[in-house]
Amino acid sequence: MLLTLRGTPCLYYGDEIALEAGDVPADRVLDCATPSRDPGRTPMPWTPDGGWIAPWLPLADSSRNVEEQRANPGSTLHFTRDLIALRRRLPELRSGGYVELPTPAGAWAWRRGDDVVVALNLGADTVQIPGLGGTIALSTNRARDGESVDVAVTLGPSEAVIVELG
């Protein structure tokens, strides 16, 4: 969503691999703020074993790591890279106007410029978004990338698409 709206997107490290906050025991907390921000600052897991020797904070779960996601075309890392590349390729995603589109409950859709529509299903039920004739440029369901859309797009729970109109 953030990479399809106006403004400068910001990815905090770890977002690109869907890294969750780490568990920092009280005796290892370094941040004096309350609540501590340390759980969101644990080291990036570069490899399955983390790739760190004696890090300043304990390493979070390294089952989500950069090395394995680089090798997996269906990973969050590949999706994030593809989304950044799409934002570069489609100027509408960077500077096109924003027009919100009508959607059923639980969904949100908007047009960027004249040629791009972003549609998100934020709910738990399948929804249909009308008026999206074109091609799915990118979907959270990667099997749908490149799919033609005639009049409406059906989105499963927690699914999102970017459609190039026309």
Side-chain angles (χ1 to χ4, degrees), residues 1-96 98 106-110 112-113 115-124 126-127 135-147 153 155-164:
M1 176 180 70
L2 292 177
L3 285 160
T4 65
L5 293 170
R6 289 189 72 127
T8 303
C10 178
L11 294 175
Y12 190 68
Y13 85 96
D15 286 348
E16 69 276 25
I17 63 168
L19 186 63
E20 296 178 355
D23 181 30
V24 180
D27 65 325
R28 296 281 309 269
V29 170
L30 300 174
D31 182 27
C32 60
T34 305
S36 170
R37 296 166 291 195
D38 284 347
R41 296 178 173 170
T42 58
M44 175 72 80
W46 293 102
T47 62
D49 68 355
W52 291 90
I53 298 171
W56 67 98
L57 288 172
L59 189 65
D61 175 15
S62 62
S63 64
R64 291 182 184 159
N65 62 76
V66 176
E67 182 179 296
E68 290 178 354
Q69 288 202 20
R70 277 184 179 152
N72 178 0
S75 71
T76 303
L77 178 61
H78 275 266
F79 178 80
T80 302
R81 287 178 172 177
D82 290 347
L83 183 54
I84 291 168
L86 185 64
R87 181 178 167 90
R88 286 182 183 139
R89 183 173 71 79
L90 299 176
E92 295 91 344
L93 289 178
R94 294 187 312 274
S95 58
Y98 169 91
W108 182 23
W110 58 92
R112 292 298 313 271
D115 302 321
V116 179
V117 169
V118 180
L120 301 111
N121 181 358
L122 305 169
T126 298
V127 296
T135 303
I136 296 176
L138 187 66
S139 173
T140 54
N141 174 356
R142 300 309 300 270
R144 298 189 71 183
D145 291 358
E147 179 181 308
V153 66
L155 299 177
S158 302
E159 185 178 1
V161 294
I162 299 172
V163 177
E164 289 186 79

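All values reported here derive from a predicted model rather than from experimental measurement.
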A.B. asks: Which pair of non-hydrogen atoms, one from Leu5 and one from Arg112, has the smallest distance, and what is that distance?
C.D. replies: C-NH1, 3.2 Å
A.B. asks: Answer yes or no: is there a donor N or O on one side and an acceptor on the other, between the side chain of Glu159 and the main chain of Pro157, under 3.5 Å?
C.D. replies: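 No: the side chain of Glu159 does not pair with the backbone of Pro157.
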A.B. asks: Between Tyr12 and Gly40 (side chain of the first, backbone of the second, donor and acceptor by atom type, cut-off under 3.5 Å), is there such a pair?
C.D. replies: yes
A.B. asks: Could you pull out the closest heavy-atom pair between Pro48 and Ser62, with the gap in Å?
C.D. replies: O-OG, 2.6 Å
A.B. asks: Please give me the minimum heavy-atom distance between Leu30 and Trp56, naming the atom from each residue.
C.D. replies: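 Taking every non-hydrogen atom into account, CD1-O, 3.8 Å.
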A.B. asks: Mark yes or no for whether Ser139, through its side chain, and Arg142, through its backbone, hold a donor-acceptor pair below 3.5 Å.
C.D. replies: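 Side chain of Ser139 to backbone of Arg142: no pair is present.
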A.B. asks: Is the Trp108 ring parallel, tilted or perpendicular to the Trp110 ring (thresholds 30°, 60°)?
C.D. replies: tilted
A.B. asks: Taking salt bridge (Lys or Arg N to Asp or Glu O under 4.0 Å) as the definition, give me every residue that meets it alongside Glu147, ordered by chain and number, with sequence neighbours left out.
C.D. replies: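 Partners of Glu147 under the salt bridge (Lys or Arg N to Asp or Glu O under 4.0 Å) test: Arg144.
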A.B. asks: Atom CD1 in Ile162, atom CG in Leu93: separation rounded to 0.5 Å?
C.D. replies: 5.5 Å
A.B. asks: Under a 4.0 Å N-O cut-off, is there an ion pair linking Arg28 with Asp38?
C.D. replies: no
A.B. asks: When rounded to the nearest 0.5 angstrom, what distance separates OG1 in Thr80 from CG in Leu3?
C.D. replies: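 If I round to the nearest 0.5 Å, the distance is 8.0 Å.
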A.B. asks: Within the 4.5 Å heavy-atom criterion, are Val24 and Thr42 side-chain neighbours or not?
C.D. replies: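 Side-chain contact under 4.5 Å: yes.
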A.B. asks: Got a second to check how far Thr8's OG1 is from Leu2's CG, nearest 0.5 Å?
C.D. replies: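 CG of Leu2 is found 11.5 Å from OG1 of Thr8.
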A.B. asks: Taking all non-hydrogen atoms of both residues, which atom of Ala137 and which atom of Glu164 are closest, and how far apart?
C.D. replies: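 Where Ala137 meets Glu164 most closely, the heavy atoms are CB-OE2, 3.6 Å.
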A.B. asks: Leu59 and Asp49: which non-hydrogen atoms are nearest, and at how many Å?
C.D. replies: CD2-O, 3.8 Å
A.B. asks: Can Asn72 and Gln69 be counted as having a side-chain donor-acceptor contact under 3.5 angstrom?
C.D. replies: no
A.B. asks: Given Asn121, which partner from the list Leu155, Val153, Thr140 fulfils the side chain to side chain contact (heavy atoms under 4.5 Å, CB included) test?
C.D. replies: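 That would be Leu155; it is the only one of Leu155, Val153, Thr140 passing the side chain to side chain contact (heavy atoms under 4.5 Å, CB included) with Asn121.
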A.B. asks: Measure across Pro45 and Asp61 and return the closest heavy-atom pair with its distance rounded to 0.1 Å.
C.D. replies: CG-O, 4.2 Å
A.B. asks: Do the side chains of Ile17 and Val66 get nearer than 4.5 Å, heavy atoms only?
C.D. replies: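 In short, these two side chains touch, coming nearer than 4.5 Å.
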A.B. asks: Flag the pair Glu92 and Arg87 as a salt bridge only when some basic side-chain nitrogen lies within less than 4.0 angstrom of an acidic carboxylate oxygen.
C.D. replies: no
A.B. asks: Would you indicate whether the side-chain heavy atoms of Val118 and Tyr98 approach each other to under 4.5 Å?
C.D. replies: no
A.B. asks: Hey, could you give me the OG1/CZ distance between Thr47 and Arg70, rounded to the nearest 0.5 Å?
C.D. replies: 11.0 Å
A.B. asks: Checking side-chain contact (heavy atoms from CB on, under 4.5 Å) for the pair Leu138/Leu83: CA distance, chi angles, key distance, verdict?
C.D. replies: CA-CA 7 Å; Leu138 187 66; Leu83 183 54; 3.7 Å; yes
A.B. asks: What is the distance from atom CZ of Arg81 to atom OG1 of Thr76, rounded to the nearest 0.5 Å?
C.D. replies: 12.0 Å
A.B. asks: Going by heavy atoms in the side chains, are Phe79 and Glu16 under 4.5 Å from each other?
C.D. replies: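 Phe79 vs Glu16: side chains apart.
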A.B. asks: If the threshold is 4.0 Å, N to carboxylate O, is there a salt bridge linking Arg64 and Glu20?
C.D. replies: yes
